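Just so you know, these numbers come straight off a predicted model, no measurement behind them. Below, each value reflects all heavy atoms present in this structure, side chains not excepted, and no hydrogens, waters or symmetry copies. Sequence positions, counted from 1, serve as the residue numbers for this chain.
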Amino acid sequence: MVLTFAIALPSLLPVLNASALSQALIDSDVTNSASFSTDTIYQIVTDRFFDGDPSNNPTGEIFDKSNNRKYHGGDWAGITQKINDGYLTNLGITAIWISSPVENITTIDPSNNSAAYHGYWAKDFYRTNSFFGSVDDFKTMVDTAHAADIKVVIDFAPNHTSTAEYGSMVFPEDGRLYKDGALVGGFKNDSAGIFNYEEWTDFSTWENGIYHSMYGLADLNQMNGTVDNYLKESINLWLDYGVDGIRVDAVKHMPMGWQSNWLSSIYSHKPVFVFGEWFNGGTGSDAEMDCFANESGMSLLDFRFANAVRSALGSKTMSMQDFYDVVVATETGYKEINDQVTFIDNHDMSRFMTLANNNSSSVDMAYVVQMTSSGIPTIYYGSEQYAVGASDPDNRGDMPSFNTNSKAYKIISRLAPMRKTNPAAAYGKTVERWVNSDVLIYERTFGNSVVYTAVNRSSTTGYDITGALTALPNGVYSDVLQGLCGGGNLTVSKGAVGSYYLGAGQSAVWQYTATSEDAPEIGNIDPLMGIAGNVVTITGCGFGSTAGTVNFGTKAATIVSWTDSCIRVKVPTMTAGYYNIEVVTKAGASVSNYAKFKVLTAEQVAVRFICKNADTAFGQNVYIIGNCLELGNWDTEKAVGPFFNATGSIATYPNWFFDVSVPAGQNIEFKFIKKDAAGNVVWEGGMNHTYTTPTGTTGEVSNYFYN
Ligand code: NOJ
Ligand code: NOJ
Ligand code: CA
Ligand code: CA
């Protein structure tokens, strides 16, 4: 094979890179459950990965290895085994995301003749799915993972239980919810209001999708005090088993205010990384989705990135230039791009291999791009073995093999360690260095570190790359992929890359990990909201090895721990508000260039505010505004809403409602306002409404709009 990267060595410079990769790890501690930016996640459909204990397999009609809608036997013992035998550690991944571990229905859902092998049909969130294992099996898996420097993320689906409505069909388990074996409620005769009753969602609006059921799945009413407590308590149980992160199912289908209150409870219990699934089919911005990513308190799976990479490198229906534009748009649109979770395929869409017409080099290139892009990469189990499958359930087949020589496996195993050693891979900002419809060369920099990636998706045309600039220091760099995808050495002199030929289908990655920083840099702050006393993790580089100070606004925080790349502090007791977090090193250098941190007023509860009889002109909506940060502190730009007005069982126009996370046990004052898109405000007349918020449960308050 021809060496396509012509090397024009200016001198006898040593080839850089190998030594750099053996440097001290950044933010390496597996106990850092708050921040995942240096991690690579491996998504496992537990039932389909590896059967480590056939004795726990179901019997009867829900078990059939030849049917992708039935259980196949995979379990936590199997995952433990695959950690111990090195398959996952040698792949370089540092976190696993497994199917929801809670007890699911054990009958067949007659609407699609399927078993609950996927874990999305919960029955008892306090118990394990026995087909995956016992509590002890779960803890063994978690301990084994931690000993191998792998974090554990569980899927969690608090939106619903199991299917309960589908025409006249009868569902044997009626969506029933249990608390460690004791019945909480079923869908029929639900006098306690455990579920929402609004038929199926038509997905027409955000509101419609929240309070209606999704495909007949019994829709939990999170605003019910019993349900709210149940979901807060049961997730803590799993966190206490050692879980480091939560992937929240269907976040678009639950009230954002309730979710923020649930997150605040979680973060007070244990600061873990939480990311939600807001399913989205596009690459453009979506106001509600982006607002959720920035304001809810949790990160999101980055569907915009996924859809873009699938279009650019899978179906090739988008140019590389357009792909880059999506990358830039998400970097500016999301407050915390390094905390969004990227993927190229998952259990709800075609496998990348199938999308790419079985062209494995497209899969390889997608991984090169994903592993060097902003955001936390997730590898969907089996796609590193070029598994195929057009749609659910065939995109969730058994793990095809555990071949450690697969090219994609090797690509991931060479790039994942770089995310742990080079802070530019974890936190860097992206800049394009050379682009056309087939080629994208981009660079990410953070502090003095750089990751430089070149890809050419064309299967026929190579390009001479000339005149490309770079932040890489002078030197000759070897390809981090070690030539797996055709890359050779890269020569850099005075901020310019020596000309080279990027052949058809080739890709390469070059990197520079700085040994010292001129100044501290903040990569992430996790979580970005909290109450006094909560522990917050600040990651980045250049913090120095001895503790300096961290200020929230002008107030110094108590330092819990301090390394050069990771600081933990406690949120100070201070007036609620949005604050810059400033890191000041022992040597006196400082940085505070990050998104503002939200200091909440107090522990949070979810309250449903109902506003009756508010007639609005076209384009106007109702919002709430009040005397605490959570209600905007009387700033009309920060009023909370727009309220909903089309849910029959709660409120319909001219009545409105909204579920909001507010401080617990406080006397609050508030008003409703009418506001249009241009920001014109009509204030409610009369005195302020007053309300004492509940403690330890949800609330509801209803008032007429005073004209
Ligand atoms: C999204 C999940 O990823 C999907 O697989 C599941 O069926 C639905 N949510 C409902 O839980
Ligand atoms: C919802 C619209 O968004 C709002 O502008 C209008 O005032 C109400 N419906 C009443 O029609
Ligand atoms: Ca088994
Ligand atoms: Ca719902």
TODO: Decide yes or no on side-chain contact (heavy atoms from CB on, under 4.5 Å) for E331 and S374, but give the supporting numbers first.
DONE: CA-CA 8 Å; E331 276 196 356; S374 308; 2.6 Å; yes

Residues forming a salt bridge (charged side-chain N to carboxylate O under 4.0 Å, His left out) with [X], sequence neighbours excluded:
{"X": "E443", "answer": "R433"}
{"X": "D392", "answer": "R396"}
{"X": "R304", "answer": "D290"}

Could you tell me whether a side-chain N or O of [X] sits under 3.5 Å from a main-chain N or O of [Y], the two making a donor and an acceptor?
{"X": "W278", "Y": "F292", "answer": "no"}
{"X": "R444", "Y": "A425", "answer": "yes"}
{"X": "K270", "Y": "A34", "answer": "no"}

How far does [atom1] of [X] sit from [atom2] of [Y], to the nearest 0.5 angstrom?
{"X": "M256", "Y": "E288", "atom1": "CE", "atom2": "CD", "answer": "10.5 Å"}
{"X": "D302", "Y": "N307", "atom1": "CG", "atom2": "CG", "answer": "9.0 Å"}
{"X": "F305", "Y": "L300", "atom1": "CZ", "atom2": "CG", "answer": "15.5 Å"}
{"X": "S299", "Y": "D339", "atom1": "OG", "atom2": "CG", "answer": "4.0 Å"}
{"X": "T616", "Y": "Y653", "atom1": "OG1", "atom2": "OH", "answer": "3.5 Å"}
{"X": "L301", "Y": "T342", "atom1": "CG", "atom2": "OG1", "answer": "9.0 Å"}

Do [X] and [Y] meet the criterion of a side-chain donor-acceptor pair at a distance under 3.5 Å?
{"X": "R310", "Y": "S350", "result": "yes"}
{"X": "N613", "Y": "N655", "result": "no"}
{"X": "H347", "Y": "Q43", "result": "yes"}
{"X": "Q604", "Y": "S260", "result": "no"}

TODO: Any pair with a residue in residues 594-614 that passes salt bridge (charged side-chain N to carboxylate O under 4.0 Å, His left out), sequence neighbours left out, goes on the list, sorted by first then second residue, please.
DONE: R608-D659

Task: Selection residues 630-650 - residue pairs positive for salt bridge (charged side-chain N to carboxylate O under 4.0 Å, His left out), sequence neighbours left out - done: D635-K638

Open item on the list: I want to check a possible cation-pi pair here: K335 against Y594, using under 6.0 Å from ring centre and within 45° of the ring axis as the test.
Closed with: no

Open item on the list: So for atom OH, which belongs to Y215, do other residues, nucleotides or ligands contribute more than 12 heavy atoms lying within a distance under 6.0 Å?
Closed with: no

Open item on the list: Please determine whether the number of non-hydrogen atoms from other residues, nucleotides or ligands lying under 6.0 Å from atom OH of Y704 exceeds 12.
Closed with: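 Counting neighbours around OH of Y704, 12 or fewer heavy atoms of other residues, nucleotides or ligands fall under 6.0 Å, so no.
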
Open item on the list: Please verify the inter-ring angle class for F672 with F670; under 30° counts as parallel, over 60° as perpendicular, anything in between as tilted.
Closed with: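 Perpendicular: the ring planes of F672 and F670 meet at over 60°.
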
- [ ] Using a 4.5 Å cut-off on heavy atoms from C-beta on, say whether the side chain of I531 contacts that of V599.
- [x] no

Task: Side-chain heavy-atom pair V153, I98 within 4.5 angstrom cut-off - done: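 Of all side-chain heavy-atom pairs linking I98 with V153, none is under 4.5 Å.
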
Open item on the list: Between V369 and Y442, is the side-chain contact (heavy atoms from CB on, under 4.5 Å) condition met? List the steps.
Closed with: CA-CA 10 Å; V369 169; Y442 58 99; 3.8 Å; yes

Open item on the list: The criterion is side-chain contact (heavy atoms from CB on, under 4.5 Å); which residues satisfy it with A678, sequence neighbours excluded?
Closed with: D676, N680

Open item on the list: Going by the rule side-chain contact (heavy atoms from CB on, under 4.5 Å), which residues pair with A250 if we only count those two or more places apart in sequence or in a different chain?
Closed with: N159, M214, H253, E277

- [ ] Start with the C-alpha gap between D345 and S383, add the side-chain angles, then the distance that decides, and say whether side-chain hydrogen bond (donor to acceptor under 3.5 Å, both in side chains) holds.
- [x] CA-CA 8 Å; D345 55 7; S383 284; 2.7 Å; yes

TODO: Using side chain to side chain contact (heavy atoms under 4.5 Å, CB included) as the criterion, point out the one residue from V681, I673, T636 that pairs with Y623.
DONE: I673

Who pairs with [X] by side-chain hydrogen bond (donor to acceptor under 3.5 Å, both in side chains), at least two apart in sequence or on another chain?
{"X": "N627", "result": "none"}
{"X": "N534", "result": "S268"}
{"X": "K151", "result": "D39"}
{"X": "E295", "result": "none"}

Open item on the list: side-chain contact (heavy atoms from CB on, under 4.5 Å), that's the test. Do E521 and Y427 meet it? Break it down for me.
Closed with: CA-CA 10 Å; E521 290 277 359; Y427 316 113; over 6 Å; no

Open item on the list: Suppose we call two aromatic rings close when their centres sit under 6.0 Å apart. Are F597 and F552 close by that rule?
Closed with: yes

Task: F609/F657 aromatic ring centres below 6.0 Å - done: no

Open item on the list: Checking E684 against H689 for the side-chain hydrogen bond (donor to acceptor under 3.5 Å, both in side chains) test, could you report, in this order, the C-alpha distance in whole Å, the side-chain angles of both residues, the deciding distance, and whether it holds?
Closed with: CA-CA 10 Å; E684 193 184 5; H689 303 289; 2.8 Å; yes

- [ ] Take W97 and F275 through the ring-ring contact (aromatic ring centres under 6.0 Å, His included) test and state the conclusion after the steps.
- [x] CA-CA 11 Å; W97 148 21; F275 58 103; 5.7 Å; yes

Open item on the list: How close do N261 and A606 get, counting heavy atoms only, and between which atoms?
Closed with: OD1-N, 3.5 Å

Open item on the list: Please list all pairs meeting side chain to side chain donor-acceptor pair (under 3.5 Å) that have one or both residues in residues 193-202, counting only residues at least two apart or in different chains.
Closed with: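 Applying side chain to side chain donor-acceptor pair (under 3.5 Å) to every pair that reaches into residues 193-202, excluding sequence neighbours, yields D190-Y197, N196-D219, E198-S649, T201-N208, D202-S204, D202-N208.
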
Task: Identified side chain to side chain donor-acceptor pair (under 3.5 Å) partner of S37 from the options T539, D526, N524 - done: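 So, applying the side chain to side chain donor-acceptor pair (under 3.5 Å) to S37 and each of T539, D526, N524, only N524 qualifies.
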
TODO: Starting from the C-alpha separation in whole Å, work towards a yes-or-no answer on side-chain hydrogen bond (donor to acceptor under 3.5 Å, both in side chains) for Y324 and S319.
DONE: CA-CA 9 Å; Y324 176 70; S319 70; over 6 Å; no

Open item on the list: Would Y120 and D155 count as a side-chain hydrogen bond (donor to acceptor under 3.5 Å, both in side chains) here? Give the steps.
Closed with: CA-CA 9 Å; Y120 292 117; D155 212 315; 2.7 Å; yes

Open item on the list: I'd like to know whether F643 forms a side-chain contact (heavy atoms from CB on, under 4.5 Å) with I624, so could you lay out the CA-CA distance, the side-chain angles of the two residues, the decisive distance to 0.1 Å, and finally the verdict.
Closed with: CA-CA 8 Å; F643 272 41; I624 187 170; 3.7 Å; yes

- [ ] Determine, stepwise, if the pair W238 / F156 fulfils ring-ring contact (aromatic ring centres under 6.0 Å, His included).
- [x] CA-CA 10 Å; W238 292 97; F156 206 74; 7.8 Å; no

